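Remarks on the structure that follows.
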Amino acid sequence: MRTKFLLGNWKMNKGPKEAEEFASLSAPLVDLAAAHHLEVGVAPTFVSLASVASHKPTQLILSAQNCNEHDHGAYTGEISISMLKEIGVTHCIIGHSERREYNGETSEACNLKIKALLANSLTPVYCCGESLETFEKGETLSFVSEQIKKGFASLTPEEAVKVVVAYEPIWAIGTGKSASSEIAEATIKGIRDVLKELYGSRAEEIRILYGGSVKPNNIAEYMKCPDIDGALVGGASLTIESYRELVEGMI
């Protein structure tokens, strides 16, 4: 049985003070999640990670939004995995569509980061997803399959099961539109089938989240789907009240 996972991606929101306040108030929702065998976490900005780390309850997972695959060196503006690990980060989002679009991040580059995270015992949350144009052409699965194959390139089965996949159709991120539960489940089942081609029955151990305008009023519908193992949530994860509603929707 795969444990359900809710991860709030705060993107470029919440400075240290706001982040600290959220972390300090999060214990009741974390306890609620734990009582129902759910994993919950947040991905603050780099400057707010330490604030959350020092004020969060133990069971609230702390994720970064990105990392560099090099351990140190002349990489101005970058953050190494060892630095993240030192302040208590255990997960890292890789290949979010906004980074792919605005920063030119490729699936091959994501593969290097995934390998580096695994080598440092951190959990990669690897994002994949298609544009509206690709979706309307009916090419979603072939496009996303390519992202999966490149992102997982040369990973062993033992490494692959430590990766969390997040399927986020680009046309549903921050637009108010969301893929229906039927579309999300069909695509995620297709992703799992690709993983089965690569890793056989071990693919059943890999958690696949859905993201894309997930809100308290629709999360329960996604959680009914057998292949959807949780959610990567943006705006709806920014307040304690909304985050608690998300947890309640997953129960």
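Because the structure is predicted, anything quoted here is derived from the model rather than measured.
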Handout entry: Glu139 atom CD, neighbour heavy-atom count above 12 within 6.0 Å
Key =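 Yes - once you tally the heavy atoms of other residues, nucleotides and ligands closer than 6.0 Å, there are more than 12.
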
Exercise for the section: Examine distances only and state if a side-chain atom of Glu21 and a backbone atom of Glu18 form a donor-acceptor pair shorter than 3.5 Å. Expected result: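 Here the side-chain-to-backbone pair does not exist.
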
Exercise for the section: May I ask you to decide if Asn120's main-chain N or O and Lys85's side chain share a donor-acceptor pair within less than 3.5 Å? Expected result: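 Checked: pair present.
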
Exercise for the section: Treat each ILVMFWY residue as a node, draw an edge where side-chain heavy atoms are under 4.5 Å apart, and state whether Ile81 and Leu112 are in one component. Expected result: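 Ile81 does not cluster with Leu112.
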
We want to know whether [X] and [Y] form a side-chain donor-acceptor pair, criterion being a heavy-atom distance below 3.5 angstrom.
X	Y	result
Ser82	Asp71	yes
Tyr167	Glu130	yes
Glu133	Trp171	no
Glu39	Thr3	no
Ser131	Thr134	yes

Charged N to carboxylate O below 4.0 Å: is that the case for [X] and [Y]?
X	Y	answer
Glu69	Lys113	no
Arg192	Asp229	yes
Arg202	Glu205	yes
Glu204	Lys196	yes

Exercise for the section: Would you check if Val42 and Tyr243 make a side-chain contact, meaning some heavy-atom pair closer than 4.5 Å? Expected result: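 They are in side-chain contact.
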
Handout entry: Contact check, side chains of Ser63 and Val89, non-hydrogen atoms, under 4.5 Å
Key =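 The answer is no; the side chains never approach within 4.5 Å.
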
Practice task
Assess the pair His96 and Tyr126: is the distance between their ring centroids shorter than 6.0 Å?
Solution key: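 No: the rings miss the under 6.0 Å criterion.
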
Exercise for the section: Please determine which of Gln147, Arg100, Lys115 meets the side chain to side chain contact (heavy atoms under 4.5 Å, CB included) test together with Cys110. Expected result: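 Passing option: Arg100.
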
Handout entry: For the student: nearest non-hydrogen atoms of Thr45 and Gln65, plus distance
Key =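 So the two residues come closest at N-NE2, 3.5 Å.
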
